[in-house]
Peer 1: 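Please see the structure below; I have some questions.
Basis for what follows: all heavy atoms, side chains included, without hydrogens, waters or symmetry-related copies.
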Amino acid sequence: MYDTLDEIRADLSARLADAAGNRHSPLHTPVVATADADARVMVLRAFDADRWTLRFHTDARSPKVAAIASDPRMAVLAYDRDAKVQLRLRGTARIERVGAMVDAAWAESTNFARRCYLGEGPGAVSDEPTSGLPPEFERDEPDDSQLVPSRENFAVLLMQAEEIDWFSLAHSGHRRALLTRDGRGRWIAP
């Protein structure tokens, strides 16, 4: 159990940094909610502990892109069942489609992951069950030349966390702290 806010800040930073690079971390796939109260599970791709910035990948045609453009408020909920630690993050989001950071995120993705941006846009209506992928890529990985058209659909969702609510469940007594990006924090009742 942690006794200082500095320990809590270090704990949540370590958890989020690990989650971004560890697909087995329970925090790797948090729930992401936009201001329109629409929530979905997304893969956490990166966490910058100094800037409190989280990076996710998204389809530029996704309804969440328009929702963020209309109202950038965003929340993220992650829970580590084994550690019994819940993180609730609140902040603002922005979508990046071009630039060095987006190019680097695209480059670090596998062709199998990039194929998701080849098909129909998220939410496209179909008369039958569909993955949205072109049939030739249902099971097969496209090569680099086949992925050229998909790049324009790829975007990065960046969330600038302003505050993180850290909550630890414990049989001996829960603990909760609210920390802000500017270094402030306080203990609060669970």
Side-chain angles (χ1 to χ4, degrees), residues 1-59 62-97 99-102 104-105 108-109 154-190:
M1 189 65 68
Y2 299 115
D3 294 318
T4 71
L5 294 173
D6 287 339
E7 290 174 315
I8 301 297
R9 189 174 294 274
D11 177 70
L12 67 86
S13 290
R15 286 180 190 283
L16 290 170
D18 176 63
N22 177 2
R23 66 186 322 184
H24 300 292
S25 165
L27 305 183
H28 186 62
T29 51
V31 175
V32 175
T34 46
D36 59 351
D38 196 7
R40 77 280 293 148
V41 173
M42 294 184 74
V43 175
L44 178 61
R45 303 292 181 172
F47 174 68
D48 182 329
D50 293 329
R51 293 185 175 89
W52 271 26
T53 303
L54 292 82
R55 187 184 88 210
F56 303 91
H57 297 171
T58 192
D59 193 306
S62 170
K64 74 177 150 298
V65 171
I68 290 167
S70 175
D71 186 340
R73 290 177 299 155
M74 191 170 122
V76 173
L77 171 66
Y79 182 64
D80 182 331
R81 181 179 176 187
D82 291 339
K84 296 182 180 167
V85 171
Q86 172 185 272
L87 300 178
R88 293 188 305 158
L89 297 82
R90 286 180 285 286
T92 55
R94 72 179 192 274
I95 301 294
E96 299 284 338
R97 295 180 179 156
M101 184 262 308
V102 180
E108 76 182 24
S109 298
F154 176 77
V156 168
L157 185 164
L158 293 172
M159 183 217 192
Q160 175 66 69
E162 295 300 329
E163 64 180 25
I164 301 178
D165 185 323
W166 178 93
F167 182 70
S168 174
L169 291 107
H171 191 70
S172 58
H174 308 321
R175 295 272 177 101
R176 186 173 171 205
L178 185 65
L179 303 173
T180 60
R181 184 170 59 99
D182 63 10
R184 292 178 294 133
R186 62 186 181 271
W187 294 104
I188 54 180

Peer 1: Please set out all donor-acceptor pairs under 3.5 angstrom arising from side-chain atoms of residues 63-75, sequence neighbours excluded.
Peer 2:
from, atom 1, to, atom 2, distance (Å)
Lys64, NZ, Thr58, OG1, 3.0
Lys64, NZ, Ser62, OG, 3.1
Asp71, OD1, Arg73, N, 3.2
Asp71, OD1, Arg73, NE, 3.1
Asp71, OD2, Arg73, NE, 3.2
Asp71, OD2, Arg73, NH2, 2.7

Peer 1: Mind listing the closest non-hydrogen atom pair of Phe47 and Ala20 along with its distance?
Peer 2: N-CB, 3.9 Å

Peer 1: Which salt bridge (Lys or Arg N to Asp or Glu O under 4.0 Å) pairs, counting each pair once, include a residue from residues 16-28, with sequence neighbours left out?
Peer 2: none

Peer 1: State plainly whether the residues Arg175 and Glu7 are in salt-bridge range, i.e. N to O under 4.0 Å.
Peer 2: no

Peer 1: Quick one: pull up CG in Leu157 and CG in Asp59 and give me the separation to the nearest 0.5 Å.
Peer 2: 12.0 Å

Peer 1: To the nearest 0.5 Å, what is the distance between CG (Leu16) and OG (Ser25)?
Peer 2: 8.5 Å

Peer 1: With rounding to the nearest 0.5 Å, note down the distance linking OG1 in Thr180 to CG in Asp165.
Peer 2: 12.5 Å

Peer 1: Which pairs count as salt bridge (Lys or Arg N to Asp or Glu O under 4.0 Å) when at least one residue sits in residues 180-190, sequence neighbours excluded?
Peer 2: Glu162-Arg181, Asp182-Arg184

Peer 1: Where do His28 and Ala19 come nearest, in terms of heavy atoms and distance?
Peer 2: ND1-O, 2.6 Å

Peer 1: Atom OG in Ser168, atom NE2 in His174: separation rounded to 0.5 Å?
Peer 2: 9.0 Å

Peer 1: For a side-chain hydrogen bond (donor to acceptor under 3.5 Å, both in side chains) check, start with the C-alpha distance between Asp36 and Thr34, then their side-chain angles and the critical distance, and finish with the verdict.
Peer 2: CA-CA 5 Å; Asp36 59 351; Thr34 46; 2.4 Å; yes

Peer 1: Leu158 vs Met101, test: side-chain contact (heavy atoms from CB on, under 4.5 Å). Steps then yes/no.
Peer 2: CA-CA 11 Å; Leu158 293 172; Met101 184 262 308; 3.5 Å; yes

Peer 1: Within a radius of less than 6.0 Å around CZ of Arg51, do more than 12 heavy atoms belonging to other residues, nucleotides or ligands occur?
Peer 2: no

Peer 1: Run the numbers on Trp166 and Arg9 for side-chain contact (heavy atoms from CB on, under 4.5 Å), then give the verdict.
Peer 2: CA-CA 9 Å; Trp166 178 93; Arg9 189 174 294 274; over 6 Å; no

Peer 1: Test Phe56 against Leu44 for side-chain contact (heavy atoms from CB on, under 4.5 Å), laying out the working first.
Peer 2: CA-CA 5 Å; Phe56 303 91; Leu44 178 61; 4.0 Å; yes

Peer 1: If the condition is salt bridge (Lys or Arg N to Asp or Glu O under 4.0 Å), which residues does Arg90 pass it with, not counting sequence neighbours?
Peer 2: Glu163

Peer 1: Working note: Ile8 + Trp187, criterion side-chain contact (heavy atoms from CB on, under 4.5 Å); need CA distance, chi angles, decisive distance, verdict.
Peer 2: CA-CA 10 Å; Ile8 301 297; Trp187 294 104; 3.8 Å; yes

Peer 1: Taking only distance into account, with no hydrogens and no angle test, what donor-acceptor pairs under 3.5 Å do side-chain atoms of residues 76-85 form with protein atoms, sequence neighbours excluded?
Peer 2:
from, atom 1, to, atom 2, distance (Å)
Asp80, OD1, Asp82, N, 3.1
Asp80, OD1, Ala83, N, 3.0
Asp80, OD2, Arg15, NH1, 3.2

Peer 1: Can you measure from CD (Gln86) to CG (Leu12) and round to the nearest 0.5 angstrom?
Peer 2: 13.0 Å

Peer 1: What pairs with His57 under ring pair (Phe, Tyr, Trp, His ring centres under 6.0 Å), at least two apart in sequence or on another chain?
Peer 2: Phe154

